[in-house]
> 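Supplied in structure tokens, the structure appears directly below.
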Amino acid sequence: MAYRARSVLSIRPFRRLWGVTYLCSMGDWLALLALSGLASQFTQGYKAQSFAFAGVVLTQLLPGLLFAPLGGLFADRFDRRKVMAFADVGRFGLLLSIALVGSTLWLFIGNFLVGCCALLWIPSKDAAVPNLLRRPDQVETANQLGLVMTYGISVISGAGLYALINGVSTNLNLRFDDTGLGIVKVILILTALFYLTSALLIATRIPELSRRVVAKPVERAAEETAPEVKSGFLAMVRDAGRFVRSTPLVRGLLIGMVGAFAAAGALVGSAQLYGKSLGGGESTFGLLFVALFVGLVLGMTGSPKLARRLPRNRMFGIAIVIAGLSQLMLAISPHPVVTLPFVVLLGACAGAAFLTGVTIIGTEVEDAIRGRINAIYQSMMKLILAGSMALTPLLVGLVRPHTITVFGRDMVVDGTRPVLLGAGIIAALVGVIAYRQMDDRRSESILSDLLSAVRGKPRRSTGLLIAVEGNTHFDTSTQAHRLADWLRGPGRKEVLLATDPVLDDAKLRAVLSGAQLSSARAHALVAAAVRADLVEREIRPALDRGALVVMERFVDSPLAHLSAAADLDSAELEGLADWATSRLRPDITILLDRDPAALPPRPGSVEHHWHVRGVLTDMAAADPDRYVVVDGDGSADEVAARVAAAVYVALVTRNVPGFAEDEPVKTPVDAG
């Protein structure tokens, strides 16, 4: 995670946006606290003050419940940088006016309008993030960093700053007026300045937010989305609805989200009474929320590793199914000791599903419509969560509490039990429906993927795929052959050596010349077809037999070379490779890192090799658990010894038979 985070934060536009997100998120939390304090001081009596706090929260959420798709329309139609800057200037002026006017009515009206500005800001930011990154595989890490900033660092900073300002003013007896409202107004003015600073930074320091990615007409429904930017608002709404209806991936995502957040709302809405039914009090209620928060953090941090074993479209549905099954266990749990682990599991599945959903939108949805899909996702989440939380107390009140004895312990069966049971069943069923909608591998059952997730291993757990990647064909070919020869030995697994189909001249040139194809795109498509044939015919059967497969230049090197030589879009090439290999990825990737200046010079080759090296090292930095970077400079024997040592360590850690920790390492030179 640290390597991937550093790789994403090394991108200057994203790093600046991350800092702006910190300012705005801290401003959001400070505004919530300050406006709540201001509203409570404007009212008299306990009940009135409690309603005042609820009113502040409601007026801030209400725009998102009512008009969230509007933010997506603005994000897709207008310059996203200008929309964000305009929204921040609006929040600055509104908070400043609330502090200066000092009216209860204007406080709620102004807070509602602040929520409307946030409604414009968030979809534009979410839709712009993928365009700031170098590769699609960085979207998930970027989303993780955004969530950590929004719900972690900024919460602590905002609450801490609010407590610090109030503490200092109390201890130093600083009073700006007789009512005690002065310090709250100071906090509001400070918060307004945060938004103004954000607007200035967005307008002057992050011009990349205006960047658009023009989709090429190769994706499904592309002909419907291409002219959208010039359409009117109503046409854009219709296009978004048509896109959702015609795209199973997005349709399944929204269906699954309904079940996930309905279940989450049922748990949150009934948590206090459910804690009492377990025989606990407020402490149990607090533990439930701590367990849920811990689970959310674990799910958001652990889902990227799980995504290497399961495609995201399958993992989303599986997470919702497991969350529903966990909620079923909560409905029959007799004791907090039994309940808390399932609450953690439920939170982990919810966190994984949320991050996976946002990542799917960022990587699989075209830029021209991404803002609207993000807005629909966010608005449905808020509507379902709020509706479920509001409906839960009504349903709970329909059942009278009864006390039964389970294993000598009294257990209260009240309305929370059937509500949690029903919500769990709904979530599990909706998860299955979402899984079937988004599934791209119908031959594999949901049960097999569930077992894979529980075991923590991919379905093919016996074979191992090792890829040798590098800048030149000569280096990768030499080291792949030497590595395969070294791996063969008594008592060891079968070893298969496979070569890069792009470099398989006989087969590739036969297809290209026979069909009279000469363009770079035709070359990439035919190479993908040859690679698909090689994977289906040789590699997968060998892995199913439990063999060690050494693949020369599996995906990464051809992708880097084609993107550099023919100026082809790397995201399209990566999607083509994913389709050709059915998302098969090596277990170990050996990257031969050579100094491009030391390679044999040819016209234009140095710049090309520098570009390829940059792409490959970025890939390795983004996925350090799979890549092993080996110094490729030196003689072939020296490099082979380094490769053998690196592979030996990786095989020992995976407990591959024939590779023991106490066995001396024999290099290819020794073996020869």
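Excluded from the calculations below are hydrogen atoms, water molecules and symmetry mates; all remaining heavy atoms, backbone and side chain alike, are included. What you see is a predicted model; the values in this text were computed from it and never measured.
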> Run Thr191 and Ile187 through side chain to side chain contact (heavy atoms under 4.5 Å, CB included) and show every step you take.
CA-CA 6 Å; Thr191 305; Ile187 296 175; 4.2 Å; yes
> So do Cys24 and Phe194 actually touch side chain to side chain, heavy atoms under 4.5 Å?
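No. Closest side-chain heavy atoms not under 4.5 Å.
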> Check whether any side-chain heavy atom of Val20 lies under 4.5 Å from a side-chain heavy atom of Lys125, and answer yes or no.
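They are not in side-chain contact.
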> Does any N or O in the side chain of Trp106 come within less than 3.5 Å of the main-chain N or O of Val101, such that one atom is a donor and the other an acceptor?
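Looks like no, no N/O pair under 3.5 Å.
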> With a 4.5 Å limit on heavy-atom distance, are the side chains of Leu95 and Asn111 in contact?
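Of all side-chain heavy-atom pairs linking Asn111 with Leu95, none is under 4.5 Å.
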> Is any side-chain heavy atom of Arg370 closer than 4.5 Å to a side-chain heavy atom of Asn131?
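Contact flag for Arg370/Asn131 side chains = yes.
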> Shortest non-hydrogen contact from Val430 to Ile255?
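Distance-wise, the nearest heavy atoms are CG1-O, 2.9 Å.
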> Heavy atoms only: give me the nearest Phe92-Tyr195 pair and the separation to one decimal.
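Reported closest heavy-atom pair: N-CB, 4.1 Å.
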> To the nearest 0.5 Å, tell me how far Ile98 CD1 sits from Lys185 NZ.
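Result: 11.5 Å between the selected atoms.
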> Would you mind reporting whether Ile318 and Ile322 have side-chain heavy atoms less than 4.5 Å apart?
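In contact.
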> Working to the nearest 0.5 angstrom, can you tell me the gap between Gln327 CD and Leu330 CG?
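Taking CD in Gln327 and CG in Leu330, the distance rounds to 6.0 Å.
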> To the nearest 0.5 angstrom, please state how far the CG atom of Leu190 sits from the CG atom of Leu161.
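Result: 6.0 Å between the selected atoms.
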> Cut-off 3.5 Å, side chains only: do Thr416 and Ser270 have a donor facing an acceptor?
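No, no side-chain donor-acceptor contact under 3.5 Å.
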> I need the minimum non-hydrogen distance between Ala262 and Ile384, along with the two atoms involved.
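Ala262 and Ile384 have their closest heavy atoms at N-CG2, 3.5 Å.
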> Side-chain contact test, heavy atoms from C-beta onward, threshold under 4.5 Å: evaluate it for Val139 versus Val129 and give yes or no.
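No, every pair of side-chain atoms sits at 4.5 Å or beyond.
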> One pair to check against side chain to side chain contact (heavy atoms under 4.5 Å, CB included): Leu209 and Leu132. What are the steps and the verdict?
CA-CA 7 Å; Leu209 288 171; Leu132 305 181; 4.1 Å; yes
> Under a 4.5 Å cut-off applied to non-hydrogen side-chain atoms, are Arg417 and Tyr274 in contact?
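Side chain of Arg417 against side chain of Tyr274, heavy atoms only: contact under 4.5 Å found.
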> Which distance, rounded to the nearest 0.5 Å, do you find between the SG of Cys117 and the CZ of Arg91?
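Between atom SG of Cys117 and atom CZ of Arg91 there are 7.0 Å.
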> Please determine whether side chain to side chain contact (heavy atoms under 4.5 Å, CB included) holds for the pair Asp88 and Leu196, giving the CA-CA distance in whole Å, both sets of side-chain angles, and the decisive distance to 0.1 Å.
CA-CA 6 Å; Asp88 279 337; Leu196 180 61; over 6 Å; no
> If you count every heavy atom of other residues, nucleotides or ligands that lies below 6.0 Å from Arg205 atom CZ, does the total exceed 12?
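Counting other residues, nucleotides and ligands, CZ of Arg205 stays at 12 neighbours or fewer.
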> Nearest 0.5 Å, please: how far is CD in Gln138 from OG in Ser7?
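Reported value, rounded in 0.5 Å steps: 4.5 Å.
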> Under a 3.5 Å distance rule, please check whether Ser388 uses its side chain to pair with a backbone N or O of Ala266 as donor and acceptor.
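Yes; at least one donor-acceptor contact below 3.5 Å.
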> Are the side chains of Leu287 and Pro336 in touch, meaning some heavy atoms are under 4.5 Å apart?
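Of all side-chain heavy-atom pairs linking Pro336 with Leu287, none is under 4.5 Å.
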> Are any side-chain N or O atoms of Arg372 and backbone N or O atoms of Gly72, one a donor and one an acceptor, separated by less than 3.5 Å?
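Checking the backbone N and O of Gly72 against the side chain of Arg372, no donor-acceptor pair under 3.5 Å is found.
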> Write down the atom of Met84, the atom of Ser124, and the distance for their closest heavy-atom approach.
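That would be CG-CB, 3.7 Å.
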> Looking at Gln144 and Met300, would you say the former's side chain and the latter's main chain have a donor-acceptor pair under 3.5 Å?
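Checking the backbone N and O of Met300 against the side chain of Gln144, a donor-acceptor pair under 3.5 Å is found.
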> Ser333 and Thr339: which non-hydrogen atoms are nearest, and at how many Å?
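Heavy-atom minimum between the residues: OG-OG1, 2.6 Å.
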> Would you find a donor on one side and an acceptor on the other, under 3.5 Å apart, between the side chain of Ser154 and the backbone of Thr150?
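Pair found, side chain donor or acceptor close to backbone of Thr150.
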> Is the number of heavy atoms from other residues, nucleotides or ligands within 6.0 Å of CZ (Phe86) greater than 12?
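No - once you tally the heavy atoms of other residues, nucleotides and ligands closer than 6.0 Å, there are 12 at most.
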> With distance as the sole test, does Asn143 use its side chain to make a donor-acceptor pair with the main-chain N or O of Leu355 at under 3.5 Å?
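Such a contact is absent between Asn143 side chain and Leu355 backbone.
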> Which heavy-atom pair separates Ala39 from Leu107 by the least distance, and what is that distance?
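Closest approach of Ala39 to Leu107: N-CD1, 4.0 Å.
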> In Å, rounded to the nearest 0.5 Å, how long is the span from CE of Met315 to OG1 of Thr359?
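Between atom CE of Met315 and atom OG1 of Thr359 there are 8.0 Å.
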> How far apart are the C-alpha atoms of Leu147 and Phe354, what are their side-chain angles, what is the distance that settles it, and do they pass the side chain to side chain contact (heavy atoms under 4.5 Å, CB included) test?
CA-CA 10 Å; Leu147 291 171; Phe354 181 78; 3.6 Å; yes
> Quick one: side-chain hydrogen bond (donor to acceptor under 3.5 Å, both in side chains) pairs with a partner in residues 286-300, sequence neighbours left out?
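Applying side-chain hydrogen bond (donor to acceptor under 3.5 Å, both in side chains) to every pair that reaches into residues 286-300, excluding sequence neighbours, yields nothing.
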